[in-house]
Amino acid sequence: MPSETPTTADYIIVGGGLAGCVVASRLHKGNPGKSVILIEAGVDPSCHPFTEPLHSFAAHYSDLDYAYSTVPQPHLNHRSCYAAAGKALSGGSAINYGTWTRGPAIDFDNWADKVGDRAWSYEALLPYFKKTENYIGVNRQQTDEKGFKSEQHGFDGPIRVVSVSASDPRSSVAIHSTDMSKWMEWVEMEVCASIYIHSIWP
């Protein structure tokens, strides 16, 4: 971190959300001799306690959240709804519970059909998903870890990814359970007391 903020740069990126961080990183790696400034209104959340997986429930309405409200929704009796938006370096990914979720293939294929461009299909996008991932917990040859298929995942990307069951077998019990006691056991085991459980379980 420089002691003084530069006043000029070859590239200035306004907004340090996920896209802004990726653009800044790619520019730096592709042009190491060029200077890049990334401007973000929020804080650097790398050591913030609420950015730990599942502690992020407590990040809602915190200093990491813009906590927007939607316009009144006509189909919700004109209620406004809470709309979380990360106010931090890395944007919403700072408060997304540490999850990595890839949509189902059928969604991508439907989008490709609607726009008439197979470049948006799941198979066409799969190489980019794989390029992003650094899947841990299993090896490249493993094919049967609860349906795990190595050809669907990457092992050399910048984002470390692990399945719920591989990260902690106890977690999958709660994830797949409709038993409130399992959820409460999981929350007590994994999450700090400041999390508002009523916000995730009415």
Side-chain angles (χ1 to χ4, degrees), residues 15-26 45 51 53-57 59-60 64-76 79-169 171-178 182-183 186 199-202:
L18 193 57
C21 288
V22 170
V23 170
S25 175
R26 294 289 176 86
T51 59
L54 294 180
H55 290 64
S56 298
F57 286 115
H60 296 309
L64 299 178
D65 185 9
Y66 279 106
Y68 293 130
S69 294
T70 66
V71 298
Q73 302 294 300
H75 300 294
L76 293 175
R79 286 191 296 114
S80 293
C81 297
Y82 163 61
K87 186 180 182 182
L89 195 62
S90 77
S93 66
I95 60 173
N96 75 348
Y97 318 112
T99 60
W100 173 259
T101 306
R102 188 191 301 174
I106 192 171
D107 284 350
F108 295 99
D109 292 341
N110 284 339
W111 294 332
D113 291 340
K114 287 183 183 299
V115 299
D117 186 351
R118 297 308 297 172
W120 290 104
S121 70
Y122 180 83
E123 285 301 320
L125 292 172
L126 181 58
Y128 300 99
F129 295 144
K130 294 171 70 171
K131 187 176 181 179
T132 304
E133 291 184 347
N134 178 3
Y135 203 95
I136 59 176
V138 294
N139 60 53
R140 296 169 192 258
Q141 288 74 41
Q142 196 165 348
T143 59
D144 58 356
E145 188 258 332
K146 295 189 176 180
F148 175 82
K149 296 179 179 179
S150 60
E151 68 271 15
Q152 293 292 318
H153 295 280
F155 296 86
D156 302 305
I159 298 179
R160 292 172 54 127
V161 180
V162 65
S163 71
V164 171
S165 57
S167 63
D168 187 336
S171 300
S172 62
V173 173
I175 290 292
H176 298 290
S177 177
T178 57
K182 295 294 185 184
W183 278 92
W186 188 42
S199 70
I200 60 169
W201 198 286

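Keep in mind that this is a model prediction, so the values were computed, not measured. Along the sequence shown, residues carry numbers from 1.
Note: Asp109 CG to Leu125 CG = 9.5 Å, rounded to the nearest 0.5 Å. Between the CG atom in Leu89 and the CG atom in Leu18 there is a gap of 10.5 Å [rounded to 0.5 Å]. Here the straight-line distance linking atom CG of Asp113 with atom CZ of Arg118 works out to 5.0 Å at 0.5 Å rounding. With rounding to the nearest 0.5 Å, the separation of NZ in Lys130 from CD in Gln152 is 7.5 Å.
Taking the side chain as every heavy atom from C-beta outward, Arg102 and His153 approach each other to under 4.5 Å. Using a 4.5 Å heavy-atom threshold, the side chains of Ser150 and Phe155 count as touching. Contact annotation: the side chain of Leu126 approaches that of Glu123 to within less than 4.5 Å [non-hydrogen atoms, C-beta and beyond].
The heavy-atom pair separating Lys131 from Pro158 by the smallest distance is O-CD, 3.6 Å. Minimum heavy-atom separation, Trp120 to Ala112: C-CB, 3.8 Å. Of all non-hydrogen atoms in Ser90 and Cys21, the two that sit nearest each other are N-SG, 3.8 Å. Nearest heavy atoms, Asn134 versus Gly157: CB-O, 3.1 Å. The two atoms that bring Ile95 and Ala59 nearest to each other are CG2-CB, 3.5 Å, heavy atoms only.
Within 6.0 Å of CG in Leu76 there are more than 12 heavy atoms belonging to other residues, nucleotides or ligands.
By the 30° and 60° cut-offs, the orientation of the rings of Trp111 relative to Phe108 is perpendicular. Ring geometry, Tyr122 versus Phe129: the interplanar angle falls from 30° to 60°, so the pair is classed tilted.
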What's the verdict on side chain to side chain contact (heavy atoms under 4.5 Å, CB included) for Asp65 and Tyr82, showing C-alpha distance, side-chain angles and the deciding distance? CA-CA 11 Å; Asp65 185 9; Tyr82 163 61; 2.4 Å; yes

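Using a distance-only test at 3.5 Å, with no hydrogens or angles considered, a donor-acceptor pair links the side chain of Gln73 to the main chain of Val71. At least one donor-acceptor pair under 3.5 Å links the side chain of Thr70 to the backbone N or O of Cys81. Side chain of Thr51 to main chain of Pro45: a donor-acceptor pair is present (N/O by atom type, distance under 3.5 Å, no hydrogens or angles).
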